[in-house]
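Quick notes on the structure that follows.
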Protein chains: 2
Amino acid sequence: MPAQKYVEIYRELKEMIEEGRYPAETCIPTEYALVDRYKCSRNTIRRAIHQLQEIGYVQSIHGKGVVVIYRKDYDHVQQTTDRIESSTAYYSRRNTRTEVQVLELRHYRAGEQETAMGFRKDQRLCFVKRLRFVEGTADAIECAWFPEEKVKGITTEIAQNSIYEYIGGVLGQKIISSKRQITVDVATEDDLRYLDPAPANCLGVITSRSFNADGAMIEYSQMRKVPQTFVYSTIARQQKLK
Amino acid sequence: MPAQKYVEIYRELKEMIEEGRYPAETCIPTEYALVDRYKCSRNTIRRAIHQLQEIGYVQSIHGKGVVVIYRKDYDHVQQTTDRIESSTAYYSRRNTRTEVQVLELRHYRAGEQETAMGFRKDQRLCFVKRLRFVEGTADAIECAWFPEEKVKGITTEIAQNSIYEYIGGVLGQKIISSKRQITVDVATEDDLRYLDPAPANCLGVITSRSFNADGAMIEYSQMRKVPQTFVYSTIARQQKLK
DNA sequence: CCGGATTTGTACGTATGTATG
DNA sequence: CCATACATACGTACAAATCCG
């Protein structure tokens, strides 16, 4: 129920920018002009603008104004990959057909390797390995480790559908933030049993550690994807602070 | 001269978290407790906390508190690559020896290909191709395109050192935000003349479009890096808004 | 080059809503 | 049901950067 003012203002401005009402390299109305238009406080306007900065639509410049950097002709196709959502949700957002096949589901206790992932030694874990098909062709191998104490009762059936939905819906957990690393790995023999990266012999790899509202790591995952479809989009902004 | 209160509070809390004073999965003091400690307004505290969220140190949870997700034992080595800085700055931050060799510097006008990058047709461009060495071995090919109208007078000497320093120092321009895509490319013949990704036959590729304070794109760049040293770190946070 | 107007940045204070325990 | 703690929203004041006459 986001009847929050700043969200509405954010959405309206976002839409206007997308429509080209405020073209790139021009300024949107000043904060005070927007205060006037929306009959709200300046703080509220500033929050909306802050959100627009987060998604790379504008950047505010001290003493000058809020400049649009969204380019109608260029940015409308691009979407940031840099958000938290399941692969299933990601593909459905793009109207792409996708299925998964569970290759392995195993319960065991954390050893050396798993402590390097960030788990405690001997912590009970559930390991799931899945093969994802996109538009009918094998696209990625998705491995995930869950601590049993936080994420109980994963079954093959659940893994076949959306694990995230299970975590969110049934367990009432939510992933709030996710620390990721993107690397390039040479495809292993096992990778090549399922995926065909040719002519490449490598895969794009996204390794994530995901945290719930308690600050607990509830997933460690690694997605190994063929280069043909691999792309990770993100926006880097000036770091003012160290 | 950041004597700004929220920056000081941010830094102090950051340091305490790094030292383990507030361990992972626990809460830092409440907002009001911090208001009391720092003798400031709640807004100021909230800004500091917001910054800590940006760097993936904490998560604030409605009705509960602000939970630490920074792990002393794990995160102290990791640094986000997801910031705006030159490769030179990046490596010096890590005490790593690096040099560049200018392979090509050319001035020409934008054609078909360059409009796909986001330049205007016939716009005057400066193209720079450099080879970067890290600890003495060839590590990456860095190609960059600059619009002449914004970034004038790049010479081989400048390219040999830091182009960013030139842009910032001499031209007084500043890159405020940067939209990036990370992909995996099969190494071309040209790549292999300079780089040795073996046993891989691919490179990690970071493509960036960078914007200045006017919202103008002042750089399009592509960094092609050997997999051995390629890693891109980033933090994805919950998207509340669409 | 100066100075005033404009515009964003920082900081304070207050009140009320809403999720958690 | 209540207390706690974060979320939203309003308002005000002054600082600092930019712009323009």
Side-chain angles (χ1 to χ4, degrees), chain A residues 1-11 13 22 25-53 58-69 168 172-174 176-177 212-216 237-241, chain B residues 1-11 13 22 25-53 58-69 168 172-174 176-177 212-216 237-241:
Chain A
M1 51 219 64
Q4 297 126 305
K5 267 193 183 174
Y6 81 90
V7 176
E8 287 201 17
I9 296 168
Y10 159 82
R11 292 211 175 120
L13 290 173
Y22 303 123
E25 297 187 49
T26 66
C27 285
I28 64 174
T30 68
E31 293 179 356
Y32 284 112
L34 292 172
V35 163
D36 210 51
R37 181 197 293 177
Y38 289 106
K39 309 294 176 211
C40 67
S41 73
R42 195 173 151 222
N43 272 338
T44 304
I45 294 297
R46 284 179 63 77
R47 283 191 73 171
I49 290 172
H50 186 82
Q51 294 297 333
L52 290 169
Q53 292 196 62
V58 302
Q59 52 197 30
S60 47
I61 309 298
H62 194 166
K64 193 173 174 194
V66 178
V67 182
V68 176
I69 59 173
Q173 300 246 22
K174 203 160 76 172
I176 301 277
S177 79
N212 70 2
D214 297 320
R237 297 201 319 291
Q238 264 276 323
Q239 295 281 343
K240 298 172 202 166
L241 316 176
Chain B
M1 50 222 66
Q4 296 126 307
K5 266 195 185 175
Y6 82 90
V7 176
E8 286 201 16
I9 296 169
Y10 159 81
R11 293 214 174 119
L13 290 173
Y22 302 123
E25 297 187 49
T26 67
C27 284
I28 65 174
T30 67
E31 293 179 355
Y32 284 111
L34 292 171
V35 163
D36 210 52
R37 179 196 294 179
Y38 291 105
K39 308 293 176 215
C40 67
S41 74
R42 194 169 152 226
N43 272 338
T44 303
I45 294 297
R46 284 179 64 76
R47 281 190 75 170
I49 290 173
H50 186 81
Q51 295 295 333
L52 290 169
Q53 291 196 61
V58 301
Q59 275 301 323
S60 49
I61 309 298
H62 196 165
K64 193 173 174 194
V66 178
V67 181
V68 176
I69 59 174
Q173 301 246 21
K174 202 161 77 175
I176 302 278
S177 79
N212 70 3
D214 296 321
R237 297 202 318 290
Q238 264 277 322
Q239 296 280 341
K240 297 173 202 168
L241 315 175

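Not measured: the values here are computed from a predicted model. Proteins come first, then strands; the chains are lettered A, B, ... in the order of their sequence lines, and each starts at number 1.
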Side-chain atoms of A/His62 come closest, of D/dT8, D/dC19, C/dT8, to C/dT8
What nucleotide, of D/dT18, C/dG13, D/dC6, holds the atom closest to the side chain of B/Asn43? C/dG13
In terms of the nearest nucleotide of DNA chain D, which residue is placed more toward the 5' end: B/Glu31 or A/Ile61? B/Glu31
Would you say C/dG9 has OP1 or OP2 under 4.0 Å from some side-chain N or O of A/Ser60? yes
Tell me the closest heavy-atom pair linking A/Ile69 and B/Gly215, and the distance in Å. CG2-CA, 3.5 Å
Side-chain contact check for A/Ser41: nearest option of D/dT8, D/dG11, C/dA11 is D/dG11
Between D/dA5 (P) and B/Ile45 (CD1): distance, integer Å: 14 Å
Testing D/dA13, D/dG11, D/dT8 for proximity to the side chain of A/Arg42, the answer is D/dA13
Do the side-chain N or O atoms of B/Lys5 get closer than 4.0 angstrom to the phosphate oxygens (OP1, OP2) of C/dC12? yes
Please pick, from C/dG9, C/dC12, D/dA9, the nucleotide with the shortest atom-to-atom distance to any side-chain atom of A/Arg46. C/dG9
Counting only side-chain N and O atoms of B/Tyr6, is one of them less than 4.0 Å from OP1 or OP2 of C/dT10? yes
Heavy-atom side-chain contact between B/Asn43 and B/Arg47 under 4.5 Å: no
